[in-house]
Amino acid sequence: MKVLDANIQQLRDDGYSVIENAIDPELLSRGQEAMWELCPRPADYFANTGAHAPLSTSQFAGLHRFPFPNWDLNRLVVNQNLIDAAEKICGTKDLELYQAEFWAKYSGAVDYGQLHHFDYGNHTLVVPKRASTHVQLAAFVLLSDVSEADAPTYVVPTKSVRDTPFVPRTQTTRAFASQEVAITGTAGSVFFYKTDTLHRGSNFTQPGRARFTLLVNLQPRGWRWTGRTAWPREALSESWSETMVRMTPQQRALFGFPAPGDEYWDEQTIRDVGMRYSGMDMDPYRQR
Ligand SMILES: O=C(O)CCC(=O)C(=O)O
């Protein structure tokens, strides 16, 4: 994924940027196939919406939290292009992946419309600091083509909001409606935005459409008051173990797993972690 200086500048000025064709086509198509383990194919959904009634209970009903049951979807979350881009945007290699979700939406299932809001509410205990290089980055990996009819995210470029206080977090008026931009793109594009960017989810404007996205949140490791997921809480699931075993040490470190060379590693921890995660290559952790 090529992150150009123009993308970084746009993130600084406008709070968002889209990188087209960011995901390797083979990885993308395997991830797209894997997502049918989590949600119905559009043809199946629209053939019998009643059979999928739970998807109509809330606009968040199509959300699934990482780890997913299929490695082909999990590995998209930590794919090298995405991580390289996030490192460049955040200006550090010491990144924390603090949330990942898959989200399926279908025309008419439920009202997906949202008011303009900032995402920081459940990503930090305080508010974003404008005069700071610490970036909380949201990446939406588009797993399906998103046109204006496909419930795109609408963002308000930061330059229009710069003097607005972060509170209230949700704008109850449509004060920024004339400045908003629809984020569209083909499957395999990645839409990045920051938690200090005003945006909203929207509704489909045509029947029979669906939108599938993978959301990955990343930030520089360090601030104690930011984050969202305590990964050890997920660590008893079967998918977690399989995912950790299949990841590289660099990918695991995104979740807080001790990196090779960390003082955590000694004979006992290498033996026991190797037993906990049967099949994990422990050699990198033996290197001092
Ligand atoms: O799904 C989208 O396009 C945006 C969703 C969003 O902004 C949210 O749920 O906070």
Side-chain angles (χ1 to χ4, degrees), residues 11 14-20 22 35 38-39 42 45 55-66 73 76-77 98-124 127-128 135-158 160-161 164 166-177 179-206 209-219 226-229:
L11 268 151
D14 297 338
Y16 73 94
S17 196
V18 180
I19 304 183
E20 294 275 349
M35 72 192 181
L38 294 175
C39 65
Y45 176 80
L55 284 167
S56 297
T57 53
S58 139
Q59 62 171 252
F60 303 108
L63 268 177
H64 296 263
R65 293 203 329 248
F66 178 91
L73 208 47
L76 266 187
V77 168
Y98 69 91
Q99 170 170 256
E101 290 171 332
F102 166 82
W103 202 350
K105 295 185 178 183
Y106 301 85
S107 295
V110 67
D111 179 5
Y112 293 108
Q114 296 178 339
L115 294 167
H116 284 138
H117 61 277
F118 299 107
D119 273 352
Y120 71 79
N122 46 12
H123 296 241
T124 176
V127 299
V135 172
Q136 283 193 295
L137 192 65
F140 266 61
V141 180
L142 305 188
L143 297 175
S144 56
D145 294 346
V146 178
S147 71
E148 288 221 21
D150 299 311
T153 314
Y154 281 82
V155 295
V156 179
T158 308
S160 314
V161 188
T164 307
F166 281 121
V167 183
R169 199 177 66 75
T170 300
Q171 301 285 319
T172 48
T173 67
R174 298 267 295 138
F176 296 98
Q179 282 106 306
E180 69 178 15
V181 178
I183 301 296
T184 57
T186 50
S189 304
V190 178
F191 154 48
F192 289 102
Y193 68 98
K194 302 189 290 144
T195 50
D196 60 359
T197 305
L198 201 58
H199 66 283
R200 67 178 179 93
S202 73
N203 272 308
F204 294 88
T205 54
Q206 285 176 22
R209 322 280 299 195
R211 192 195 85 167
F212 305 98
T213 49
L214 202 55
L215 281 66
V216 184
N217 282 92
L218 296 133
Q219 63 179 2
T226 57
R228 179 129 183 215
T229 313

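Small disclaimer: the values here were computed from a predicted structure and weren't measured. The analysis underlying the following values was restricted to heavy atoms, covering all of them including side chains, and did not include hydrogens, waters or symmetry mates. Atoms within a ligand are numbered from 1 in the order they appear, just like the ligands themselves.
Numbered from 1 in the order shown, with element, the atoms of ligand 1 that lie under 4.0 Å from a heavy atom of Phe60 read 9 (O). For ligand 1, the atoms closer than 4.0 angstrom to any heavy atom of Lys105 are 1 (O), 2 (C). Close approach to His199 involves these atoms of ligand 1, each under 4.0 Å from a residue heavy atom: 6 (C), 7 (O). Taking every heavy atom of Asp119 and a limit of under 4.0 angstrom, the matching atoms of ligand 1 come to 10 (O).
The aromatic rings of Phe204 and Tyr112 sit perpendicular, their planes meeting at an angle over 60°, well past the 30° parallel limit.
At least one heavy atom of Trp103 sits closer than 4.0 Å to an atom of ligand 1.
Results of the ring pair (Phe, Tyr, Trp, His ring centres under 6.0 Å) test with Phe212 over Trp103, Phe140, Tyr106 single out Tyr106 as the only residue that passes.
Remark: the Thr186 side chain and the Glu20 side chain contain an N/O donor-acceptor pair separated by less than 3.5 Å. Between the side chains of His199 and His116, no donor N or O sits under 3.5 Å from an acceptor N or O.
Summary of contacts: the protein heavy atom closest to atom 6 (C) of ligand 1 is Gln114 OE1, 3.1 Å. What sits closest to atom 4 (C) of ligand 1 on the protein, heavy atoms only, is Gly201 CA, 3.8 Å. For atom 3 (O) of ligand 1, the closest heavy atom belonging to the protein is Thr153 OG1, 2.6 Å.
Of all the heavy atoms of Thr213, none lies under 4.0 Å from any atom of ligand 1, so neither backbone nor side chain is involved.
Under 4.0 Å is where a charged nitrogen must lie from a carboxylate oxygen, and between Arg209 and Asp150 at least one such pair does.
The N/O atoms of Arg211, backbone and side chain alike, include one that comes under 3.5 Å of an N/O atom in ligand 1. Checked by distance only, ligand 1 and Arg200 stay at 3.5 Å or farther apart across all their nitrogen or oxygen atoms. At least one N or O atom of His117 sits closer than 3.5 Å to an N or O atom of ligand 1.
Thr226 places no side-chain N or O within 3.5 Å of a backbone atom of His123 that could act as its donor or acceptor partner. With hydrogens and angles disregarded, a donor-acceptor distance shorter than 3.5 Å links the side chain of Gln114 to the backbone of Gly201.
The cationic atom of Arg200 (NZ for Lys, CZ for Arg) lies less than 6.0 Å from the six-membered ring centre of Tyr154 and within 45° of the ring axis.
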